[in-house]
Amino acid sequence: MDQTTKIEIRDLNVFAGKTQILKNINIDIPKNKITVILGPSGCGKTTLLKCLNRLTDLYPELKVSGQIMIEDNNILEAREDIYKLRQQMGLLSQRPYPLPMTIYNNIAFALKLRGIRNRRETHKLVMHYLQQANLWDEIRTRLREPASRLSIGQQQRLCLARGLAVNPEIILADEPTSALDPISSQFIEETFGRLKNDYTIVLVTHILRQAKRIADNVVFMYLGEVIEQGSVEEVFGNPKMEKTKLYLGGTFN
Amino acid sequence: MTRAQKIEERFFKLLMILATYFILAILAVIIYSIFEKGIKSISWEMLTQVPQGGYYYGKGGGILNAILGSLALAFGATALAFIIGLPVALYLNVFLIRHKKVISIIRFLLDLVWGIPSIVYGAFGFSLMIFFGLQTSLLAGILTVTLFILPIMIRSMDEILCTVPIGLQEAAYSLGSNKSEIAFKIFTRQSVSGIITAVLLSFGRGIGDAAAVLFTAGYTDHLPNGLLEPVATLPLSIFFQLSSPVPEVQNRAYASALVLTLIILIVSLFSRGLGKRYHKTKINF
């Protein structure tokens with residue numbers, strides 16, 4: 001395969017107390033592609049995603065070991081620069097969490113963290129990122145309203161815009177459409193399709209059709225283990241492992 | 001629903017209704033009796049003058065000394081407790097997130113000191129004053145009341161701050177915020193109305209307490225005159241007026257209680273209005 005690897009996960013193990021949540025994970029995530037992590041609920045997909053930007057730090061019960069290399073940087077070892085490191089990755093969670101401030105300030109907050117304080121530039125970039133997330137036209141007159149007044153679908157796109165505003169290289173998305181109606185979901189999926197030219201996208205989902213629609217690469221996980229990984233054609237067209245076949249056939253989910 | 005379930009449902013509904021209205025009725029009686037007795041004695045003179053000689057035996061004058069004293073003391077103590085208390089509550093919820101045991105020990109200790117009667121704080125403050133060679137003064141009163149309301153302030157803020165959803169924290173961390181940004185920009189904004197309630201609760205406890213100020217702030221018939229001079233307070237003023245053998249003076253005690261209640265009412269309304277302004281940006285989950 002002639003693709004550059006953006007994220008290299010090696011021997012990643014995560015324990016919560018005595019239970020092992022992730023077992024010996026090894027994954028290569030290619031640059032500027034959409035990598036879908038697929039698997040039934042409770043298989044460790046979300047935990048895997050949280051390891052990537054070290055949100056696991058917030059959970060004292062999780063013990064993480066192994067290596068996650070992003071361009072020669074082992075994420076799991078970085079100590080001081082974790083806040084900078086997280087800015088390389090935008091996060092989109094299962095349900096939107098807008099910050100408790102106005103729509104405009106949600107984006108401006110992210111820009112400020114990136115070091116942009118100039119008002120005119122902030123103005124321009126707020127518009128830019130809202131357009132990128134496909135939200136600008138709907139809310140251009142409502143920028144000073146609290147973000148809490150937006151619909152769930154709009155909130156999720158606001159969160160996407162906010163995630164982009166820190167200028168990341170990677171987008172982490174954790175079942176980003178699971179709380180959304182079909183039209184909002186389609187909006188998000190389309191946006192991802194456009195964004196992959198500039199970003200490396202890691203998307204966690206349990207929805208087969210969604211994976212099929214937008215994935216370039218698929219990683220199938222089951223009970224904390226990677227069962228199979230490869231291009232979407234390989235995994236969906238010609239699955240090698242029995243469990244993958246069963247899941248794709250809808251026998252369990 | 002079966003018949004038994006219906007009866008059960010009705011029984012508990014009735015019980016809840018009774019309990020609610022019972023407590024409301026008692027509150028209404030207290031407020032009514034304060035109003036009823038107080039309104040007769042309240043006068044412009046009472047609100048604008050200090051006690052004249054023999055006030056407690058029925059001579060003229062008013063309780064301006066206690067009104068101003070209480071306001072100075074309660075605002076001072078509440079402000080001080082807020083300045084100390086908010087960082088503590090934020091520290092617990094943001095910085096100690098990986099140390100659940102430490103958090104629970106600190107919470108336990110705070111709950112413990114919450115239960116200490118205010119007279120003990122008064123005695124503690126008094127012994128400190130002797131140690132430092134201080135007189136009864138506004139400053140000593142403020143410091144003692146601050147100590148007394150701090151656990152209330154911290155724990156009620158803490159209860160609000162710990163409801164900030166982990167998802168919101170993750171969202172803010174993933175943007176690259178550090179902990180102090182999360183504390184002061186996310187936690188406080190999301191919890192403004194709860195923080196105001198905590199401040200209000202502490203203010204109410206501070207302004208209404210007599211025992212903590214008895215030995216520390218002292219009492220005087222003069223207006224507050226600097227941090228190092230003793231001040232009068234409404235609860236003590238009520239106490240002294242109630243102790244008077246003259247019925248007319250006892251009624252003035254109810255008028256003073258009315259004034260105290262009205263102060264708390266005004267401060268509540270004001271801060272609730274303030275809270276509403278910020279409530280709009282709160283995210284509801």
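Heavy-atom basis, side chains included; hydrogens, waters and symmetry copies ignored. Proteins come first, then strands; the chains are lettered A, B, ... in the order of their sequence lines, and each starts at number 1.
Along residues 110-118 of chain B, no residue comes nearer than 4.5 angstrom to chain A, judged on non-hydrogen atoms. Close approach to chain B, defined as a heavy atom under 4.5 Å from one of its heavy atoms, is seen in A:F109, A:A110, A:L113 of residues 109-116 of chain A, taken by number.
A pairwise comparison of heavy atoms in A:P100 and B:Q190 identifies CB-OE1, 3.3 Å as the closest pair. Across B:P165 and A:Y97, no two heavy atoms sit closer than the pair CB-CE2, 4.1 Å.
Contact annotation for B:K100: only side-chain heavy atoms (C-beta onward) come within less than 4.5 Å of a heavy atom of chain A. Heavy atoms closer than 4.5 Å to chain B are found in both the backbone and the side chain of A:M101. Heavy-atom distances place both the backbone and the side chain of B:K179 under 4.5 Å from chain A.
The local environment of CD in A:Q131 is crowded, with over 12 non-hydrogen atoms from other residues, nucleotides or ligands closer than 6.0 Å. Heavy-atom neighbours of A:R194 CZ from other residues, nucleotides or ligands within 6.0 Å: above the threshold of 12. The number of heavy atoms from other shown groups lying within 6.0 Å of CZ (B:F95) is above 12.
Counting heavy atoms from C-beta on, the side chains of B:S177 and A:Y83 never come closer than 4.5 Å. Side-chain atoms of B:E170 and A:L58, non-hydrogen and from C-beta on, do get closer than 4.5 Å to each other. The side-chain heavy atoms of B:L168 and A:P98, taken from C-beta on, include no pair separated by under 4.5 Å. With contacts defined as side-chain heavy-atom distances shorter than 4.5 Å, the pair A:L91/B:Y173 does not qualify.
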Apply side-chain contact (heavy atoms from CB on, under 4.5 Å) to residues B:L175 and A:R162 and explain how you reach the verdict. CA-CA 8 Å; B:L175 296 173; A:R162 189 185 62 196; 3.6 Å; yes

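A distance of 8.0 Å separates CD1 of B:I97 from OH of A:Y59, quoted to the nearest 0.5 Å. Between the CG atom in A:N105 and the NZ atom in B:K185 there is a gap of 10.5 Å [rounded to 0.5 Å].
Ranked by heavy-atom pairs shorter than 4.5 Å toward chain B, the options A:Q155, A:M89, A:R149, A:K50 are led by A:K50. Chosen from A:L99, A:V166, A:N53, the residue pairing most often with chain B at heavy-atom distances under 4.5 Å is A:L99.
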